[in-house]
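Written out below as structure tokens is the structure these notes cover.
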Protein chains: 2
Amino acid sequence: MAKLRSAPTLDDVAKMAGVSTATVSRCLNTPDRVVEATRKRVQSAVDALGYTPNFAARVMAAKRSFTIGAIIPTMENAIFARGLQAFQEELHHRGYTLLVSSSAYKPDIEEEQIRTLIARGADGLLLIGHDRDPKIYDYLNQRKIPALIAWSYLPDSRLPSVGFDNRKAMFELANHVLSLGHERIAVISGIVEGNDRARLRVEGIRDAISHSGLESGDLKIVETPYEIENGATAFCELMKAETRPTAILCGNDVLAAGAMRQAQEMGLDVPDDVSITGFDDIELARIVSPELTTVHVPHREMGRKAALQLVEMVENQTDGEGEQLATRIVNRPSLGRPAQG
Amino acid sequence: MAKLRSAPTLDDVAKMAGVSTATVSRCLNTPDRVVEATRKRVQSAVDALGYTPNFAARVMAAKRSFTIGAIIPTMENAIFARGLQAFQEELHHRGYTLLVSSSAYKPDIEEEQIRTLIARGADGLLLIGHDRDPKIYDYLNQRKIPALIAWSYLPDSRLPSVGFDNRKAMFELANHVLSLGHERIAVISGIVEGNDRARLRVEGIRDAISHSGLESGDLKIVETPYEIENGATAFCELMKAETRPTAILCGNDVLAAGAMRQAQEMGLDVPDDVSITGFDDIELARIVSPELTTVHVPHREMGRKAALQLVEMVENQTDGEGEQLATRIVNRPSLGRPAQG
DNA sequence: ATTCAAAATGCAAGCGCTTACATATCTACT
DNA sequence: AGTAGATATGTAAGCGCTTGCATTTTGAAT
């Protein structure tokens, strides 16, 4: 059995190059503080040995990890993929590594992940949405961990947020639907508890309805986790009603895709028999047919700006400031006028 | 400005509980080696202080991180999401944390990520596919880092693999298509270079064609990165031919979804004008309409088994053994008989 | 040649934890 | 009561790196 040759250390490099470990360290971290000749010597030792610095040791000594943690509700569907990708690209660009974990939409798991990420020395954290136990904010604050919230902008939140106004965005979409003449509207929403995005979207719809003078008690809402199957099930349920809705607003594109599939399965035409809308404008929205009317969210921009802001907070110890991004309605054929009622 | 209270350490806990740091450490790691009374005292100190062990310090001292690294080609589409999710669930179950990074299908980025993950103390690595610079295998071997390959099973690879036979799977699908009477077949493949999965799938198709006695020179292949848009573009290109193919086999469901969208855009009926098939059987396959005939890959099983195997390798210092999983063809309406030719 | 600030390098003290090994404290017997 | 053997706890040596401070070297300027 081959002998286990453990990884070369700074010491090995230093010996080989005939310098102190301090110098090697400087070569790696602040090369301009080392004269060229030495630097070259060290570099060749590094190459010869195939040296890679030990991350744990570095973090410990420097009390700095150049790592940012992000906790997202789920990796299973594409909702967060694009924004996160942009976030990570921008971080990489700034010399940071991203550590991602998912909470499966469970508050206690999220809390555990936050602790884990901090224990791992994350220099900063990205969180999704505002709804969570206040003691988490206390903890973050006490530990002075820079943290930023994305996917939902609120002006007076405890942590700065980079995102959009979920309520307003959905309000506008609902208004648009109403303006087309729809009077029987139903909603397939994500689980509202602990999810301000979902909650605010529903409120946006409520706003629009009461605004329009319609009977708001009529609004039927099904709450269900963000999964395609659930969209299908919820659609089924809504269509069982004596008087069917003419438009169904979904909390996101995934739910809407499920609804569309079910409509097709039931032989209903979209939008002639029923209109369906989504939210997010992920790729899925253009894959279903007919394509989905939805709210376009600038995911990449959001990810990029969140990265910039968070790095700024980390490096300059600032409190950071939020930023509201604009969304826009994307009109596609899944939404039409209601059938002659 | 509030004073920065830095994180409590083992020492703080030890002092508060009136024991040595060793005892506190044992309470946390091997509780049965500590008498109950002490354990309780320590526990309350931990709670009172809100102590969380410092990960870097722990890794350094224990030379063990309980972390597994995985490098996947992309997070942007769902191909790897499901399998990785299962992988991570099983790891979590076994007390390990998963660190994921993506290589964007670039070999040099993958190599960098491998080094990064090792520097971060990963106890083991999950890699996707077999095609990579042999020196990477040397490096892994020299450092004695347990590593496993997924998404492609090969009997005699340098590293054990848990996956399926891409060539055979596609061979069977192609045979099925041929048996329906298709004679003009085209392929939209992922980029083959450095991607044995893509390469083997194409070979599977070639096998089937030469097997069937058809002119294999006729096989038109477009190679393009795995993105929806590219599927659409490739479809376009293929349909420009003087004699259009009657069936298009795509390297995965994403490409197939793009092709479907483009077909619809061009007013072509699937499968009456042209049949389209995918590979993977991700959710997408059932969202497009008509639903996609594809090869079902047991993603979750693969992820789970990979986790089990890798943990076994890490904990028992074994070389690990590969496992071949079965795939199956899923027949859906995107594939039909060719139009009367 | 001398002198001296600036530049380059070395020294060594940690960072917060785990874990041999040493020591102290219990058991349950005789 | 005394003692061996098991059990519980303490001591202290690292793990591989960074960094403040001390020391040496360099390069002008005199």
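Numbered from 1 within each chain, the chains take letters A, B, ... in sequence-line order. FYI, side chains are in, hydrogens and waters are out, and symmetry mates aren't considered; it's all heavy atoms of this structure.
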Between CE of A:Met60 and P of C:dG16 the distance, given in whole Å, is 7 Å
Of the listed D:dA8, D:dG16, C:dG10, the closest approach to the A:Ser20 side chain comes from C:dG10
Checking D:dC17, C:dT19, C:dC11 against the side chain of A:Pro53 (C-beta onward), the nearest is D:dC17
B:Thr67-A:Arg120 side chain donor-acceptor pair, cut-off 3.5 Å:
yes
- Query: Do A:Asp47 and A:Gln43 have a side chain donor and acceptor closer than 3.5 Å?
  - Reply: yes
inquiry  = What's A:Tyr51 touching, base or sugar-phosphate or nothing? Going by heavy atoms closer than 4.0 Å.
reply    = sugar-phosphate
Out of D:dC17, D:dA8, C:dC17, minimum distance to the side chain of A:Ala57 belongs to D:dC17
Inset, instruction - Would you mind classifying the nucleic acid contact of A:Ser25 as base, sugar-phosphate or nothing, using non-hydrogen atoms under 4.0 angstrom? - result: base
Whole-Å distance, B:Asn54 CG to D:dC15 C1', equals 13 Å
Of the listed D:dC17, C:dG10, C:dT19, the closest approach to the B:Arg26 side chain comes from C:dT19
To the nearest angstrom, the CD-P distance between B:Glu36 and D:dT9 comes to 11 Å
Atom CG of B:Leu28 and atom C1' of C:dT19 are separated, to the nearest Å, by 15 Å
To the nearest angstrom, the CZ-P distance between A:Arg58 and D:dC15 comes to 19 Å
Check: Taking 4.0 angstrom as the limit, do A:Arg300 and A:Glu89 come out as a salt bridge?
Finding: yes
Rounded to whole Å, CZ of A:Phe66 lies from P of D:dT18 at a distance of 11 Å
The residue, B:Lys63 or B:Arg33, whose nearest nucleotide of DNA chain D is more 5′ is B:Arg33
In whole angstroms, the gap separating P of C:dC15 from CG of B:Leu10 amounts to 13 Å
Rounded to whole Å, NZ of B:Lys40 lies from C1' of D:dA8 at a distance of 17 Å
*Would A:Asp11 and A:Thr21 count as having a side-chain donor-acceptor pair, cut-off 3.5 Å?*
no
With the side chain defined as heavy atoms from C-beta on, A:Thr9 is closest, among D:dC17, C:dC17, D:dT9, to D:dC17
query: Is the phosphate of C:dT9, meaning OP1 or OP2, less than 4.0 Å from a side-chain N or O of A:Thr38?
result: yes
From the candidates D:dC17, C:dA8, D:dG14, the one with an atom nearest any side-chain atom of B:Ala61 is D:dG14
Remember a base hit wins even if backbone is also touched, and classify A:Ala22 as base, sugar-phosphate or nothing at under 4.0 Å, heavy atoms. base
ask   = When all nucleic acid strands are considered with a 4.0 Å heavy-atom cut-off, which category describes B:Val59: base, sugar-phosphate, or nothing?
value = nothing
For A:Arg64, look at atom CZ and say whether over 12 heavy atoms of other residues, nucleotides or ligands are found less than 6.0 Å away.
yes
